[in-house]
Amino acid sequence: MSERIIFHIDVNSAYLSWEAIHRLQHGDPLDLRTIPSIVGGDPTTRHGIVLAKSIPTKKYNIKTGETLYSAKTKCPELVIASPNYQLYQRCSSAMKEILESYSPLIQQYSIDEYFLDYTNMEKLLGAPTDVALQIKNRIKNELGFTVNIGISTNKLLAKMACELEKPDKVHTLFPHEIPSKMWPLPIEDLFFVGRATSKKLRSRNITTIGSLATSDPHWLNLYLKSPGLLIWNYANGRDESLVRNTRSIVKGMGNSTTIPFDVENRETAHLILLSLVETVSTRLRQARICTQLVSVSFRTNEFFSYSHQRKIHSPIDCTNQIHEIICQLFDEVWNGQAVRHLGVRVSELCQNDFVQLDLFTKNFDRQRLLDQTIDQLRLRFGSHAVIRSSFLNSGLKALTGGVIQDEDYPMMSSIL
DNA sequence: TCTGGGGTCCTAGGACCC
DNA sequence: TCTGGGGTCCTAGGACCC
């Protein structure tokens, strides 16, 4: 078997670049990519964090995830754009179309990242670096935004290659290049080394990927458990995971929201939880799935987080049924603190076809029929064609949480 | 006007059973 | 009286990714 050739394609400052080209295409003479600018949420609704930043923003030490307040303090002339997820979805799909002409095996890893398996394509299309340059330039010329492309023999190295120098670059990181190109980098640059792990490693004087690579794996396993071995393998460039173009089986679905105001009473909390359950349970039914584990979570205005979950021994998918359990769970843990964030999650999913058998205990047939009817009306006439009367004059949204419209949109999996 | 939302995986501890 | 041990299931929380 010949060695694999894997590309990783990553959009440079994705949300910001996409907003920039959108504005250029609509006659705005200013290119956001050339000035200090960010994409960020609205602080008045308590969504004010930096989601993406232009390259000129970096010299102000503004970080993704920090508050707009802090970002503006660092750079008063900062230009702030609102997020536009439909635009991002369109840009992502357009890019995928181009990639599909270079390999039958493509994996979408997130809205702005793809893996492409180029193994055995060389004879047909040409040398990997030439083709990567061609892909990069086609995306730039045809779609208007720049990407980085990383090339190597596995996904991890291709992804690490992509991070080397930005923007608009093609890099290789083949195994023989690991010591020179990857080992000098700080450990924080390694995939799967987050804040907690980097702190632990640095406390033991492991500061570069190279020093991690030469550490004792048995010690790492004791110190960091299984992620210790994983990152040790990564630091040595080892990764066997495959480029998958099939959708992975969904493990859970959740929706959560930060509320523009503090919730101080149970009734309001229950109503917001209903709006979240509406979205989650609709997604469940559209996927013909039932849940056996229901979880509620909330964050207080002092930023303490709580969660509470319950195993359901007969699978369910009814809005009202899930909502009832969610409210019980919420009431069991909530002790009256002001709440700024609420979340609903369902997991331990199973197919909904055999479930009927178990429903004889309680007759939820009418409920399920009603849910189905409402789902269909919303599908045909828009999601707000039918809303619950409890939301009328409440000032609250009847449906909360993003429902991805595109059925084929694959969710990111946390591991390669 | 300070701190998003959507995921996956792992672990520790307690309950319960034999 | 001086305190097993192995197994499974459940729950809360924390790590990581984009």
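Numbers restart at 1 for each chain; the letters A, B, ... are given by sequence-line order, proteins then strands.
- Rounded to whole angstrom, the span from the CZ atom of A:Arg310 across to the C1' atom of B:dA15 amounts to 16 Å.
- Heavy-atom distances to DNA chain B give each of A:Pro227 and A:Met253 a nearest nucleotide, and the one nearer the 5′ end belongs to A:Met253.
- For C:dA15, the OP1/OP2 oxygens have no side-chain nitrogen or oxygen of A:Lys225 closer than 4.0 Å.
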Annotated structure of DNA chain B as dot-bracket, pair cut-off 3.5 Å, Watson-Crick or G-U only, | for inter-strand, is ....||||||||||||||

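- Counting only distance, with no hydrogens or angles, the side chain of A:Asn12 and the backbone of A:Asp168 share a donor-acceptor pair below 3.5 Å.
- Taking atom NZ on A:Lys311 and atom P on B:dG14, their separation rounds to 22 Å, with Å as the unit.
- The listed nucleotides are B:dG4, B:dG6, C:dG13; the one nearest the side chain of A:Arg340 is B:dG4.
- Using a 4.0 Å heavy-atom distance criterion, A:Asp112 is classed as a sugar-phosphate-only contact.
- Taking atom CG of A:Leu293 as the reference point, atom C1' of C:dC9 lies 12 Å away to the nearest angstrom.
- Using a 4.0 Å heavy-atom criterion, one finds that A:Thr44 contacts the bases of the nucleic acid, with or without backbone contacts as well.
- A:Tyr306 and A:Thr300 share no side-chain donor-acceptor pair at under 3.5 Å.
- Atoms CZ and OG, on A:Phe330 and A:Ser307 in that order, are 13.0 Å from each other to the nearest 0.5 Å.
- Results of the side chain to side chain donor-acceptor pair (under 3.5 Å) test with A:Asp262 over A:Gln337, A:Arg340, A:Arg46 single out A:Arg46 as the only residue that passes.
- At distances below 3.5 Å, not a single donor-acceptor pair connects side-chain atoms of A:Trp183 with backbone N or O atoms of A:Asn236.
- For A:Tyr102 and A:Tyr118, the distance between ring centers is not under 6.0 angstrom.
- Rounding to the nearest 0.5 Å places CG of A:Asn148 at 8.0 Å from CD of A:Glu163.
- Distances from the side chain of A:His341 to the nucleotides B:dG5, B:dG6, B:dT3 place B:dG5 closest.
- Along DNA chain B, the nucleotide nearest to A:Ile249 and the one nearest to A:Ser226 differ in position, and the one closer to the 5' end is contacted by A:Ile249.
- Within the nucleic acid shown, A:Ser295 has no heavy atom closer than 4.0 Å to any nucleic acid atom.
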Show me, pair by pair, the donor-acceptor contacts under 3.5 angstrom made by side chains of residues 388-396 of chain A, not counting sequence neighbours?
| unit_1 | atom_1 | unit_2 | atom_2 | d |
| --- | --- | --- | --- | --- |
| A:Arg388 | NE | A:Glu278 | OE2 | 2.7 |
| A:Arg388 | NH1 | A:Asn320 | OD1 | 2.9 |
| A:Ser394 | OG | A:Phe391 | O | 2.6 |
| A:Ser394 | OG | A:Leu396 | N | 3.0 |

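- A straight line from CG of A:Leu224 to C1' of B:dA12 spans 17 Å, rounded to a whole angstrom.
- Residues from residues 201-210 of chain A that place a heavy atom under 4.0 Å from any atom of DNA chain B: there are none.
- Among the protein residues, A:Gly252 comes within range of the sugar-phosphate backbone only, with heavy atoms under 4.0 Å from sugar or phosphate atoms but none that close to a base.
- Where stacking is scored as ring centres under 5.5 Å apart with planes under 30°, A:Phe192 does not register as stacked on the base of C:dC17.
- Note on A:Lys159: only backbone sugar-phosphate atoms sit closer than 4.0 angstrom, heavy atoms only; bases stay farther off.
- Between A:Tyr88 atom OH and B:dG6 atom P the separation is 16 Å, expressed in whole Å.
- Counting non-hydrogen atoms under 4.0 angstrom, A:Glu66 reaches nothing in the nucleic acid.
- Distance check on atom C1': B:dG4 versus C:dC17 gives 15 Å, rounded to whole Å.
- Contact annotation for A:Thr45: no contact, since no heavy-atom pair falls under 4.0 Å across all strands.
- In this structure, A:Gly41 reaches neither bases nor backbone, as no heavy-atom distance under 4.0 Å exists between it and the strands shown.
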